[in-house]
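In what follows, a structure is listed as structure tokens, so that the remarks can point back to it.
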Amino acid sequence: MAKIFCVANQKGGVGKTTTTVNLAAGLAKLNQRVLLVDLDPQGNATMGAGINKAGLQASTYEVMLGNSDVVTARQRSEAGRFDVLPANRELAGAEVEMVQLDNRERRLKDALAAVDKEYDFVLIDCPPALSMLTLNGLCAAHGVIIPMQCEYYALEGLSDLVNTIKKVHANLNQDLKIIGLLRVMFDPRMTLSQQVSAQLEQHFGDKVFKTIIPRNVRLAEAPSYGMPGVTFDPASKGAQAYIAFGAEMVKRIKKM
């Protein structure tokens with residue numbers, strides 16, 4: 001049975017897509033069977049996995065509306081050695097079209113049930129807003145991974161996200177919980193980064209992942225080559241950190 005995790009943060013530009021793509025590739029290197037679900041109409045996770053979002057025959061959009069299924073729409077990321085349920089700008093239209101549909105918050109959950117036994121991990125890349133798409137991700141997931149930078153504004157946004165997760169847990173998905181906070185784009189030379197990191201550990205304890213993802217140019221370059229950073233430059237500090245994070249995730253779910 002697959003463990004399903006949302007990678008979510010209501011603040012944009014915090015490395016959600018980078019984390020989703022590279023965690024998927026890191027888990028694949030550890031021989032885990034992984035499906036990456038791109039729930040963002042920008043389709044950046046699709047491109048980062050090396051899939052052409054302009055030429056999709058079927059995508060997350062068709063799956064959410066019930067016009068296709070995951071088995072038909074998924075594609076293989078040869079660069080990352082994991083499967084992808086890809087997305088493009090068509091997905092933005094699903095927000096409006098789903099309003100009239102039955103069970104609209106659980107469309108993704110129902111679709112993923114068909115492939116539940118084929119994967120160890122399903123990772124969902126959510127858009128940076130609390131939309132119907134994000135809500136579908138949260139209703140489908142067992143837990144949320146929250147990537148965040150160690151800066152003041154990130155702490156402000158974190159409280160909003162935690163409240164959202166609590167509401168979804170109470171009303172729509174009682175399995176949902178915060179799996180952990182992942183510190184990303186970390187620069188140890190900055191005093192503020194160290195202070196915020198210490199605050200997170202103090203307030204959230206073991207909910208803070210031990211792995212820290214450093215600020216790394218190779219991770220930023222990788223998407224332009226259609227590859228996860230983990231396979232683009234496996235020796236880079238960023239790639240090594242995401243592989244370590246994958247190993248930490250495998251250990252953590254064994255305790256769930």
With sequence neighbours left out, write down each residue that passes salt bridge (charged side-chain N to carboxylate O under 4.0 Å, His left out) with Arg74, or none if nothing qualifies.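 Glu118.
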By salt bridge (charged side-chain N to carboxylate O under 4.0 Å, His left out), which residues pair with Glu248, not counting sequence neighbours?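 Applying salt bridge (charged side-chain N to carboxylate O under 4.0 Å, His left out) to Glu248 gives Arg252.
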Cut-off 3.5 Å, no hydrogens considered: what does the side-chain donor-acceptor table look like for residues 196-210, sequence neighbours left out?
| from | atom 1 | to | atom 2 | distance (Å) |
| --- | --- | --- | --- | --- |
| Ser197 | OG | Arg183 | NH1 | 2.7 |
| Glu201 | OE2 | Arg183 | NH1 | 2.9 |
| Lys207 | NZ | Ile178 | O | 2.6 |

According to salt bridge (Lys or Arg N to Asp or Glu O under 4.0 Å), does anything in [range] pair up with another residue at least two apart or in another chain? List the pairs.
| range | result |
| --- | --- |
| residues 186-197 | Asp187-Arg189 |
| residues 218-229 | Arg218-Glu221, Arg218-Asp233 |
| residues 25-54 | Arg33-Asp120 |

ILVMFWY cluster membership beyond [X] - transitive side-chain contacts under 4.5 angstrom:
| X | answer |
| --- | --- |
| Met1 | none |
| Val96 | none |
| Val217 | none |
| Phe186 | Ile212 |

Those residues that, when tested against Asp69, pass side chain to side chain contact (heavy atoms under 4.5 Å, CB included) (two or more places apart):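 In terms of side chain to side chain contact (heavy atoms under 4.5 Å, CB included), with neighbours along the sequence ignored, Asp69 is linked to Val71, Thr72.
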For residues 104-116, pull every pair meeting side chain to side chain donor-acceptor pair (under 3.5 Å), keeping only residues two or more places apart or in separate chains. Asn103-Asp110
Should we count CG of Asn171 as having more than 12 external heavy atoms under 6.0 Å? yes
